[in-house]
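Notes for the one structure printed next.
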Amino acid sequence: MHVHDLHAEYRTSSPFTPAARPRLSWKTATGTPGWLQAAAEIEWRRGGAAAVARVEGRDSVLVAWPFESLLPREEGSVRVRVHGADGSTSDWSEACDLRAGFLGEGEWHAKFVTVPEPADIGQPLLLRREFTVRPGLEAATLYATARGVYQVEIGGTPVDADRLKPGWTAYRDRLLHETTDVTDLLREGPNAIGASLAGGWYTERFGFHGQARPFYGKYPSFAAQLLLEYADGTSELVATGDDGWRATADGPVTASGIYAGESHDARRALPGWSSPGFDDAAWLDARPDTARALVPVPRTAPPVRATEELPVREVITTPSGRTVVDFGQNLVGHLRIRVQGREGDTVVLRHAEVLEHGELGTRPLRHAKATDTYTLAGDGTETWEPEFTFHGFRYAEIQGWPGEFDPADVTAVVVHSDLARTGHFSSSNDLLDRLHENVVWGMRGNFVSIPTDCPQRDERLGWTGDIQVFAPAASYLFDSDGFLASWLEDLAIEQTGDGSVPFIVPDVLDSAETPAAAWGDAAAVVPTVLFERYGDRDVLERQYPSMRAWTDHITGVAGERRLWEGRFQFGDWLDPDAPPADPAKAKTDPDIVATAYLFRSATLTARAATELGLDDDARHYSALAEEVREAWVREYTTASGRTVSDSPTAYALALEFGIVTGPEDRRRMGDRLAWLVRRAGYRIGTGFVGTPLIQDALVRSGHAETARRLLLQTENPSWLYPVTMGATTVWERWDSMLEDGTINPGEMTSFNHYAFGAIADWLHRTVAGLGPLEPGYRRLAIAPVPLAGLDHAAAELETPYGRAEVQWEAADGSVQVRAKVPPNTTALVTLPGREPFEAGSGDHEWSVADPRTEPRGNGLTIESRLSDLIEDAAAHEAVLAAVAGVDPERARQLRRDTEWTEHRTLLGELTPAAPAVLARVEAALNDLHKE
């Protein structure tokens, strides 16, 4: 038995902690079945002194700091040993080094400096300062930030590999700083520090329909202080704002923008600019930034980094003769090129996610140029990659390449917030596994400092609705706690005084005055998910005022009727039946969605209040939720169990949010939901709101077979249709690309959106059968639902307590289920045909009778009901293939337009039809009978 993975707060790759009282987490590895922690000892050692605190009970995730608060720059090490309920005791863990990365009150002295005027808006610049290091240097710590994006070099060496620092926050009220140990980069005597700076998000133009404008400021600015500590107890501070900082806009980066891309002229390179002795006589004194003074706070989320590199998979010559490289994967990042040519040769790199009619498909980029240019110095082999921009792309067009093009000279560099991968899923279905991989890539591409909607066009904004539906899947795939907790701080900042939440965070569209259901509800949903998946009670407590303010605001909008109605809404955004130009025009009335979400947020606020011991609030919001629930049922349902909007999303909301509670009413609604799905030919009929809910609603109401057919559907629209079209990320629209290879005609079309990838959470919890029952997976739910069409499925998750696994395999009439339950946790196991039972930690294996059945029609003929035909997947496909063999257009119409109900027969649907069609169909059905 040993303790491992000991770390403080959210950060695992740095000793610096942003908190004075950092929470501690650890895991225990042991082969003892059913092991539970009874207590833990925590040792905090500073120099030669050590203190030990004992924590009683099972807590090992985000455990409160049991010692005195850390002082700025204080450092030491912590280690843990645990005691089991069985009397066992571990050895001490390896020591975890901790350093206080925050500054004390009044210790931030740096002032923001920027480029001397005049300058272009967003002009990239270089800043530098020389200084002397005295003998006896013991430590050098850099605290740096920017209004914009920056990198620091000392003596010509970058201080780290992080990108796009300090990231995007609500800049007017919250800036982050990095804390970096740079001791090893300094030398006794002359030294120099340099900062390269670009506008990034700070000077970007935001807005739609050609109306984009700068939101924050015209010029980027930089602030830093380098603390030098000496063995004699003295210290010195090298800070921006003091004398000696020089600046120039005449560096090699001539233009840079998040949307536009970056231009680099190697002829303007300034060798040695961040080293001592460089001649900066032509530079000017850095100018103070007049924007409101703001003291930055330590970053808590993982940094943005380059995490992977992909080679060119194929070189394509387009019909117009252009050279395009294909990396085989839609990704986010940039290109690195290695090139030789003459001085002044310019290579132009254009990026896009898809090809259309063989050419680069740039229309979805809208006003984003997504173009990088590199002008050669002409002095041999030159290697370059942009520093302060990123693109969403699979394909890149190469223009102006000097000499013969070698694809080995171009590499795609994948860039995103460097979150640790925690969850995996696999199955016997290759298309399903590719769908899951697409979700992973979509999350990687859209978790770049903030959770964005898309990474390629002139948007890339923190849409609250997208992360509201995707947070559970995100929290499985990667360790997202620190990342989303940081973003939630900005959400609370951007809320209006009366509690309204903007559509996007940071709110560069000034959208907070118009609340929207399922978007603003991120204020309640995302903190709940972080508590559920990570046991992060602190984020629940910190965000509780935001949750409560949002719920109160919408309650006021709803009024005494308790119905949020008649206001602006996105509704069930991108319902597949919505026209390309009107993505909000869904089958489900937006008022039904809005009031359902008011119920949801009131319910979650009540639960949070209960957890936080706020009993009066808990009673108040529970009563409010009940009032809203009753109003929703009264206004939008009938006595027979129908909803006013007879749509899949309406029933999924009623069932999954718990709005309809009576067993008979829930049965009727589940049956109606399944009927609607079957009527549509098992093609998806939900948008952003309904899609994360529909599969759970079907399975929990007894319609697992319907959920299976919906999941494995490959026709348009469906989850797997994009996969059959070669998608390597999740699309924004179900049909972002049409069957003929044409890009959807809508003005808003992205090939990398994660919202519909919310299905991944259901794959983990239900198809594989691994989910949380208590916060942080302290108690697991092991409940696989084996589906026909799959022979096996598996999920693995590195929970806060350790690795959990569930896998099942069906063969010879039985299903073998194997599970791994981490030490210090338990599991509730629910298997087909058995009553639920408890299991302790350790490895388990169970066998149950195979419950899977794949309905087949009995004696289907051309006069059979359409509802019977659609229930037999083999017969359905055989009939459509038979029709297509004679009349392909008629077959397409059958797939797209048929309502597969009990009130029509196959013959009636085919009439009138050519005799050859009817004969081919009859023959196909007869062949099935022979089988």
Side-chain angles (χ1 to χ4, degrees), residues 10 163-164 167-168 301-308 310 329-333 353 390-394 412-426 432-457 459-488 504-505 522 525-526 529-530 532-534 688 691-692 719 722-723 727-732 736 750-765 768 795-798:
Y10 304 122
R163 310 248 178 156
L164 301 172
W168 190 7
V304 175
R305 290 182 176 139
T307 64
E308 187 174 353
L310 297 181
Q329 172 63 53
N330 196 16
L331 59 95
V332 170
E353 296 182 300
F390 61 94
H391 310 289
F393 67 101
R394 171 175 171 170
V413 180
V414 180
V415 173
H416 56 88
S417 290
D418 192 13
L419 281 64
R421 181 74 186 271
T422 50
H424 299 266
F425 169 87
S426 62
L432 199 59
D433 287 1
R434 181 66 245 190
L435 169 65
H436 191 269
E437 189 67 6
N438 290 0
V439 178
V440 172
W441 275 97
M443 179 177 170
R444 292 175 72 183
N446 281 293
F447 273 45
V448 181
S449 183
I450 65 167
T452 58
D453 60 326
C454 61
Q456 72 297 102
R457 64 181 179 230
E459 194 166 350
R460 316 185 197 183
L461 303 176
W463 285 91
T464 48
D466 299 56
I467 192 59
Q468 184 267 132
V469 299
F470 188 69
S475 297
Y476 175 94
L477 296 173
F478 290 87
D479 183 355
S480 306
D481 192 14
F483 177 90
L484 292 176
S486 178
W487 177 78
L488 282 170
I504 60 170
V505 173
V525 172
V526 178
V529 171
L530 298 186
E532 176 188 81
R533 302 302 174 101
Y534 299 107
F688 273 32
T691 297
W719 281 291
V723 179
T728 60
T729 43
V730 175
W731 294 351
E732 178 176 22
S736 285
S750 156
F751 292 88
N752 192 350
H753 252 66
Y754 50 55
F756 290 146
I759 183 65
D761 189 55
W762 182 78
L763 296 177
H764 309 147
R765 290 184 293 99
E796 299 179 9
L797 176 64
E798 188 64 35

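Listed here is the closest heavy atom pair of Val413 and Ala306: CG1-CB, 3.5 Å. Closest approach of Asn330 to Gly392, counting heavy atoms only: OD1-C, 4.3 Å. Between Glu353 and Ser750, the shortest heavy-atom distance links the atoms OE1-C, 4.1 Å. Smallest separation of non-hydrogen atoms from Val469 and Pro692: CB-CG, 3.6 Å. The minimum heavy-atom distance between Ala760 and Val439, with the atom names listed, is CB-CG1, 4.0 Å. Heavy atoms only, all atoms of each residue included: Pro302 and Leu419 are closest at CG-CD1, 4.1 Å.
A donor-acceptor distance shorter than 3.5 angstrom exists from the side chain of His753 to the backbone of Asp453, with no hydrogens or angles considered. The backbone N or O of Leu435 lies less than 3.5 Å from no partner atom in the side chain of Trp719, so there is not a single donor-acceptor pair. Between the side chain of Ser475 and the backbone N or O of Ser480 there is no donor-acceptor pair closer than 3.5 Å. Within the 3.5 Å criterion, the main-chain N or O of Ala473 finds no donor-acceptor partner in the side chain of Tyr754. Looking at Thr729, its side chain never comes within 3.5 Å of a backbone N or O of Trp441 through a donor-acceptor pair. Thr452 contributes no side-chain N or O that, together with a main-chain N or O of Gly462, makes up a donor-acceptor pair within less than 3.5 Å.
Using a 4.5 Å cut-off on side-chain heavy atoms (C-beta onward), Ile759 and Thr691 make no contact. Within the 4.5 Å cutoff, the side chain of Phe756 has heavy atoms near those of the Phe688 side chain. A heavy-atom distance below 4.5 Å is not found between the side chains of Phe393 and Val332. Two residues are said to be in side-chain contact when any heavy atoms from C-beta on lie closer than 4.5 Å; Val415 and Thr307 fail this criterion.
In this structure, CG on Asp433 lies 13.0 Å from NE2 on His424, to the nearest 0.5 angstrom. To the nearest 0.5 Å, the span separating CD1 on Ile504 from CD1 on Ile467 amounts to 14.5 Å. Here the CZ-CG distance, from Phe470 to Asn446, works out to 8.5 Å after rounding to the nearest 0.5 Å. Distance check, rounded to the nearest 0.5 Å: CZ of Arg305 to CG of Leu164 gives 13.0 Å. To the nearest 0.5 Å, atom CG of residue Leu797 and atom CG of residue Leu477 are 9.5 Å apart. Summarising the geometry, atom CH2 belonging to Trp487 is positioned 12.5 Å from atom OG belonging to Ser449; distances are rounded to the nearest 0.5 Å.
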Step by step, would you call His416 with Val304 a side chain to side chain contact (heavy atoms under 4.5 Å, CB included)?
-> CA-CA 5 Å; His416 56 88; Val304 175; 5.8 Å; no
Run the side chain to side chain contact (heavy atoms under 4.5 Å, CB included) check on Gln456 and Asn752 step by step: do they pass?
-> CA-CA 8 Å; Gln456 72 297 102; Asn752 192 350; 4.0 Å; yes
Go through the steps to decide whether Thr464 and Val505 satisfy the test side chain to side chain contact (heavy atoms under 4.5 Å, CB included), and finish with yes or no.
-> CA-CA 7 Å; Thr464 48; Val505 173; 3.9 Å; yes
Start with the C-alpha distance between Phe390 and Arg460, add both sets of side-chain angles, then the distance that settles side chain to side chain contact (heavy atoms under 4.5 Å, CB included), and finish with yes or no.
-> CA-CA 11 Å; Phe390 61 94; Arg460 316 185 197 183; 3.7 Å; yes
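Residues Phe447 and Phe478 place their aromatic rings such that the two centres sit no closer than 6.0 Å.
The pair Glu798-Arg421 fails the salt-bridge criterion, with no side-chain N (NZ, NE, NH1 or NH2) lying under 4.0 Å from an Asp/Glu carboxylate O. Ion pairing between Glu732 and Arg457 holds under the 4.0 Å rule for side-chain N and carboxylate O.
The one candidate from Asp479, Asp761, Asp481 that meets the side-chain hydrogen bond (donor to acceptor under 3.5 Å, both in side chains) condition with Arg533 is Asp761.
For the residue pair Arg444/Ser417, the side-chain donor-acceptor check at 3.5 Å is not satisfied.
Note on ring orientation: taking the six-membered ring where Trp is involved, the planes of Tyr476 and His436 are perpendicular (angle over 60°, cut-offs 30° and 60°). Trp731 and Phe751 have perpendicular rings, their planes meeting at more than 60° on a 0 to 90° scale where under 30° would count as parallel.
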